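Quick notes on the structure that follows.
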Protein chains: 2
Amino acid sequence: MDRFVSTYTMRLDAKGRVSIPAPFRAVLAKDGAESLHCHPSLAEPALDAGGSRLLGEIEDLIARYPPYSEAREQLATALYGTSESLRIDPEGRVVLTETQKAHAGIGDHVAFVGLGHKFRMWEPDRLKAHLAEATRRVRELRQAIGSQAEGPKGSPA
Amino acid sequence: MDRFVSTYTMRLDAKGRVSIPAPFRAVLAKDGAESLHCHPSLAEPALDAGGSRLLGEIEDLIARYPPYSEAREQLATALYGTSESLRIDPEGRVVLTETQKAHAGIGDHVAFVGLGHKFRMWEPDRLKAHLAEATRRVRELRQAIGSQAEGPKGSPA
DNA sequence: TGGGAGATCATGGGCGTCAATGGATTGGTG
DNA sequence: CACCAATCCATTGACGCCCATGATCTCCCA
């Protein structure tokens, strides 16, 4: 398995350490990551994290803009500047910074959500609310689609 | 780790010395830098700094313009003429010049922001404001990036 | 099919090391 | 002789590393 899949909820210990779920550690190891690259999600109160694939994606994005251009420097500031390269201890744990925990509202538990080439860390309750909202929207979307495609008689006016 | 990543805020002591964050020192060491090359940011009240990778980038940028062209000489003046090669003491500290501190409005604290191949030094409060703006811009760019396959590329500066 | 040994994993705590900072000392120089 | 600056030394506090403990899971074999 070379992608981050599924969701795991882990506990922070008294020192603020959190175990990265073992399956995610395996993906990171295969990816050749020594540390966990981590930055605030752009649109969510959560943290995006990953290994060299995530870093490569960010680098490519920035490299599209010419050196010293305003867009490039803003991208670099927002993406690199707010990133943390978290050290992974011998037991596979990391310590989130206060800034990161504040951004995601994380207290003593963290939910790890696999997103393929990266994963996302949430405060568990916020994740639950986020999922509820997401599924609600998907249902609406399906209904809209369904009433268009399936309605043999009632095509939408 | 071969990039400057994350943000660190450090304190100047009574002699004006400030520690370069240890992770940044590690990048500089890998880069083979003995001193810290440092110049005012072109568009911000901040200081850009780095090692030989930064020097290489500056050289490439200037080399794009024909010798004796006005653009070239202006760039060379702005990037080389205002540069300082700061000595790094055995504890990993540097002393900023008065000119540099004035340009960035730096008092007794400096925020070091990683930008990948270089990093930037800010007065901490100014960084906060700038970061908010950069984050806003990146959110806008994100939508454009999501909808178009290719980003802008090419024309210098 | 049930039991049990071994392995894996999440978690807790103690300790040594290093980084950040402050101050003292020494050497060069006008 | 005095001042500036660069190296050296010392302190404190955080953080990384090591080892320990349960608890769960896997797999093998009776």
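All chains are named by letter (A, B, ...) in the order of the sequence lines, taking the proteins before the strands, and each is independently numbered beginning at 1. In this text the structure is predicted, and so the values were computed from the model without any measurement.
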Taken to the nearest 0.5 Å, the spacing of B/Met121 CE from B/Met10 CE works out to 12.0 Å

What's the closest nucleotide to the side chain of A/Pro90 if the choices are C/dA20, C/dA10, D/dC18? D/dC18

A/Phe24 CZ - C/dA10 P separation (whole Å): 11 Å

From CG of A/Asp89 across to P of D/dA14 the rounded distance in Å is 19 Å

Taking CG from A/Asp13 and P from D/dC15, how many angstroms apart are they, rounded to a whole number? 13 Å

On the side chain of A/Arg93, is there an atom forming a donor-acceptor pair with the base of C/dG12 - under 3.5 Å, no angle test? yes

Between the base of D/dC19 and the side chain of A/Glu91, is one N or O donor paired with an acceptor at under 3.5 angstrom? yes

Send over the distance from A/Glu98 CD to D/dC15 C1', rounded to a whole Å. 14 Å

Pairing of B/Arg53 and B/Asp31 as salt bridge, 4.0 angstrom limit: no

Under a 3.5 Å cutoff, is there a donor and acceptor pairing between the side chains of B/Arg120 and A/Thr77? no

Angle class for the A/Tyr68/B/His39 ring planes (parallel below 30°, perpendicular above 60°, tilted otherwise)? tilted

Quickly work out the A/His109 NE2 to C/dT11 P distance and round it to whole Å. 8 Å

What's the CE-P distance between B/Met10 and C/dG22, to the nearest Å? 11 Å

When B/Lys15 and B/Ala22 are each assigned the nearest nucleotide of DNA chain C, the 5'-most assignment goes to B/Ala22

Please report the distance, rounded to the nearest Å, between CG in A/Leu86 and P in D/dG16. 10 Å

Taking only the side-chain nitrogens and oxygens of B/Arg11, find out if one of them lies under 4.0 Å from OP1 or OP2 of C/dA19. no

Between C/dT11, D/dC17, C/dT21, spot the one nearest the side chain of A/Ser19, thanks. C/dT11

Using atom CG of A/Leu12 as one end and atom P of C/dT11 as the other, report the distance to the nearest whole Å. 9 Å

When you measure only distances, ignoring hydrogens and angles, does the side chain of B/Arg17 come within 3.5 Å of the base of C/dG23 through a donor and an acceptor? yes

If you count the non-hydrogen atoms of other residues, nucleotides and ligands that lie under 6.0 Å from CD in B/Glu133, is the total more than 12? yes

